[in-house]
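Below: one structure, written as structure tokens.
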Amino acid sequence: VQLQASGGGLVQPGGSLRLSCAASGIIFSINNMGWYRQAPGKQRELVAAIVRNSSTNYADSVKGRFTISRDNAKNTVNLQMNSLKPEDTAVYYCNAQFVDSYWGQGTLVTVSS
């Protein structure tokens with residue numbers, strides 16, 4: 001199983017980034033997919049999740065700014081992040097959950113002027 005995350009980088013406050021996660025080795029369509037993040041010195045937290053029927057849920061801190069989506073034909077899950085704030089700075093991880101839980105390698109997002 002591989003979850004390959006991409007799209008992180010340095011962005012100014014108020015800017016946007018789009019993270020993508022390409023999955024292989026799993027039956028993507030039956031997995032619940034999520035994006036988590038871990039800031040320095042903090043615990044990993046759920047940012048957004050999208051389940052098999054494409055229902056979504058978001059952390060309160062990102063509601064209205066971030067949008068999670070999935071493409072079952074391409075085995076990808078994306079996170080569109082708008083109006084980024086310095087407190088969004090973290091390593092972002094892709095997660096796939098069905099019976100087992102799988103993690104990607106993480107991609108660093110830095111929001112700074």
Side-chain angles (χ1 to χ4, degrees):
V1 177
Q2 280 196 325
L3 299 175
Q4 185 68 42
S6 61
L10 173 64
V11 63
Q12 292 186 341
S16 297
L17 282 175
R18 183 177 176 85
L19 305 183
S20 292
C21 175
S24 60
I26 58 173
I27 305 174
F28 183 82
S29 61
I30 66 174
N31 274 262
N32 298 324
M33 301 299 297
W35 285 98
Y36 289 71
R37 68 186 179 188
Q38 188 166 18
K42 295 188 177 182
Q43 290 188 332
R44 190 173 296 188
E45 63 175 357
L46 175 67
V47 175
I50 183 165
V51 298
R52 288 175 285 170
N53 66 359
S54 294
S55 295
T56 59
N57 65 284
Y58 298 91
D60 287 343
S61 59
V62 307
K63 281 181 181 177
R65 300 188 297 122
F66 290 11
T67 303
I68 190 170
S69 61
R70 65 189 297 159
D71 186 336
N72 289 341
K74 296 181 179 180
N75 287 7
T76 58
V77 59
N78 303 304
L79 185 68
Q80 178 66 42
M81 305 186 294
N82 299 328
S83 302
L84 283 161
K85 304 176 180 180
E87 51 264 42
D88 294 318
T89 295
V91 178
Y92 284 71
Y93 297 91
C94 176
N95 174 262
Q97 174 75 45
F98 183 54
V99 174
D100 296 315
S101 181
Y102 300 99
W103 294 92
Q105 85 285 6
T107 185
L108 177 62
V109 172
T110 303
V111 185
S112 175
S113 54

Within 6.0 angstrom of E87 CD, more than 12 heavy atoms from elsewhere: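 Counting neighbours around CD of E87, more than 12 heavy atoms of other residues, nucleotides or ligands fall under 6.0 Å, so yes.
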Greater than 12 external heavy atoms within 6.0 Å of Q2's CD: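 No, CD of Q2 has 12 or fewer neighbouring heavy atoms, counting only those of other groups under 6.0 Å.
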Working for side chain to side chain contact (heavy atoms under 4.5 Å, CB included), residues F66 and L17: CA-CA 10 Å; F66 290 11; L17 282 175; over 6 Å; no
Distance-only side-chain donor-acceptor flag, N75 / S24, under 3.5 Å: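 Side-chain D/A pair, N75 to S24: absent.
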Atom [atom1] in [X], atom [atom2] in [Y]: separation rounded to 0.5 Å?
X   : Y   : atom1 : atom2 : result
T76 : L19 : OG1   : CG    : 12.5 Å
N57 : I68 : CG    : CD1   : 8.5 Å
M33 : T56 : CE    : OG1   : 14.5 Å
N31 : I26 : CG    : CD1   : 4.0 Å
I30 : F98 : CD1   : CZ    : 4.0 Å

Please check: side-chain N/O of [X] versus main-chain N/O of [Y], any donor-acceptor pairing under 3.5 Å?
X    : Y    : result
T89  : V111 : yes
Q105 : A5   : yes
N32  : I50  : no

For [X], enumerate each residue passing the side-chain contact (heavy atoms from CB on, under 4.5 Å) test, keeping only those at least two apart in sequence or located in another chain.
X    : value
S61  : R37, A59
S113 : P13
S20  : S6, N78
Q38  : R44, Y93

Disulfide bond (SG atoms under 2.5 Å apart): pairs with one or both residues in residues 48-87, sequence neighbours excluded: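 Residue pairs passing disulfide bond (SG atoms under 2.5 Å apart), neighbours aside: none found.
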Sequence neighbours excluded, every pair satisfying disulfide bond (SG atoms under 2.5 Å apart) that has a member inside residues 46-113: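 Residue pairs with at least one partner in residues 46-113: C21-C94.
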Where at least one partner belongs to residues 64-80, residue pairs that pass salt bridge (charged side-chain N to carboxylate O under 4.0 Å, His left out), sequence neighbours excluded: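 Passing the test, one end in residues 64-80: R65-D88.
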Pairing residues for N82 by the side-chain hydrogen bond (donor to acceptor under 3.5 Å, both in side chains) criterion, not counting sequence neighbours: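 If we apply the side-chain hydrogen bond (donor to acceptor under 3.5 Å, both in side chains) test to N82, skipping adjacent residues, the hits are S16, Q80.
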Of all pairs that satisfy ring pair (Phe, Tyr, Trp, His ring centres under 6.0 Å), the ones with a partner from residues 13-37, not counting sequence neighbours: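 Residue pairs passing ring pair (Phe, Tyr, Trp, His ring centres under 6.0 Å), neighbours aside: Y36-W103.
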For L3 against A23, the heavy-atom pair lying closest together: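 Heavy atoms only, the tightest pair is CD2-CB, 3.4 Å.
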Exercise: identify the closest heavy-atom pair between S101 and N95: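 S101 and N95 have their closest heavy atoms at OG-ND2, 2.8 Å.
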L10: hydrophobic cluster co-members (side-chain, 4.5 Å):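 So far as hydrophobic clustering goes, L10 is joined with none.
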Partner set under salt bridge (charged side-chain N to carboxylate O under 4.0 Å, His left out) for D60, not counting sequence neighbours: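 Listed in chain order: K63.
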Residues forming a salt bridge (charged side-chain N to carboxylate O under 4.0 Å, His left out) with K42, sequence neighbours excluded: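 Salt bridge (charged side-chain N to carboxylate O under 4.0 Å, His left out) check on K42 returns nothing, list empty.
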Connected via hydrophobic side-chain network under 4.5 Å: V91 and V11: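 No: no chain of side-chain contacts under 4.5 Å links V91 to V11.
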Transitive ILVMFWY side-chain link V99 to Y102, under 4.5 Å: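 No, it is not one cluster - the side chains of V99 and Y102 are not joined through contacts under 4.5 Å.
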